Q: 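Quick one: the structure is below, questions incoming.
Just follow the structure's listing: the first ligand is 1, and inside any ligand the first atom is 1. Hydrogens, waters and symmetry mates play no part in the numbers below; they use all other heavy atoms, side chains included. Just so you know, these numbers come straight off a predicted model, no measurement behind them.
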Amino acid sequence: MRDYSGQTANRRGDRDVEITDIRTCVVEGNFEWNLIEVETDAGVTGIGEAYRGGGIPELVEYTKRFLIGENPLDVERIFRLIVQEMSGHGGTTGKVVTAASGIEIALWDAAGKLLDLPVYQLLGSKYRDEVRIYCDCHAGEAYEVEDGATAYADADAYSPEAYAAEARRVVDMGFTAVKFDLDLPGDNDPDPFNGRLTNEAIAHKRDIVAAVREEIGYDVDLAFDCHWDYSVESAKRLAYELEEFDLMWLEDLIPPENMAAQKEVTGATRTPVATGENRFRVHELTDLITDHGVDIATPDPTTVGGLAETMRVADRAEEHYVPVSPHNVCSPVGTMACVHLGAAIPNFDLLEYHALDVEWWDDLTTRDDPLIQDGYIEVPEAPGIGIELDESVAEDRRLDGTSGF
Ligand code: MG
């Protein structure tokens, strides 16, 4: 068994730092945001975020038994230590990696503060001063998450006119790229299980895309997300049907497990196909990328294994001339971690923003100005991820029954 625990004593005094505590606070945004703080004995606390889903606070709490006393500057080694200790000394995917992702981001923040450097610099480079944001939008009341579960509105919410009106509103805010959901309740008719789309369902989707394009034109980038719903033949029929609209991408057309099926869909259409947000570790994206199963890779740094693991994904993608557009439904904490990643990789495209309906999203930071200005986020020069959490706002929005900072 390889021992990833701290064995290195030879370190200059000012970098001889120890982790003293790890805490979580689950904030109820439009999703449950798993915020994580890593405290050190050097007067520096790092902040990170893990993707939503049950069990993350408990997994993070468990890591305290082997992380306290470790040096937070050994970000990569600690990531491997977490994966090892949480998986019976083997490798793993799933929620353990999600929890490790949030801790890893907090470690980068702490490391940046300890070394007085922004995270992008620790990741190796800066390719851009601003990161372009695309806004994930929903027509009318078309989609909500209630108590952690998806709630759909009735069919009226999914009219082409509702999509076009929302696209217009969001573009007028300054966004140069927008995305909508294209999986609709009617997709399940007449059979809810087989993934086939009727001609009527495809025609309705085409009407939606046409209405949005007519409203915002072709200078705004436009993507649609299908949330893994369709069979291969329906995915291909839909993608063909939308080719004339020159989409930025169609996302997650088919279920995620079968690489050969994904390659078949991606290769069958000139509409760019994006996927990757629910894959773990670089290994689960390598096949997808190296086999040309995806046109735009969309790993989620708060799921896949943190910033360094996403860098590895981006490396694989760059070798195959594939752009990376990270999936992001985070609070400002995870979002700013992604901004540093976006600055640090050459093949970054643009970053998701999914909190348009959360009016207090910016209040979670101590900044006065909104993070997103005219559809871009400036890459911060402050140490770490470059923002400070307003813990009182996090506490006010803390999910009942969970611990806080
Ligand atoms: Mg998606």
Q: Which pairs count as side-chain hydrogen bond (donor to acceptor under 3.5 Å, both in side chains) when at least one residue sits in residues 384-402, sequence neighbours excluded?
A: K113-E388, D390-S392, E395-R398
Q: Keeping waters out of it, list the protein N, O or S atoms under 2.8 Å from the Mg ion (ligand 1).
A: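 As for protein N, O or S atoms lying under 2.8 Å from the Mg ion (ligand 1), they are D225 OD2, E251 OE2, E277 OE1.
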Q: Can you tell me how far CD1 of I372 sits from CD1 of I133, rounded to the nearest 0.5 angstrom?
A: 5.5 Å
Q: Which distance, rounded to the nearest 0.5 Å, do you find between the CZ of R132 and the CD of E130?
A: 11.5 Å
Q: Closer than 3.5 angstrom, by distance alone: can the side chain of T45 be matched with the main-chain N or O of E39 as a donor-acceptor pair?
A: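 Answer holds: no.
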Q: Would a line drawn from the ring center of W361 to the ring center of Y353 be shorter than 6.0 Å?
A: yes
Q: In this structure, are over 12 heavy atoms from other groups packed under 6.0 Å from F66 atom CZ?
A: yes
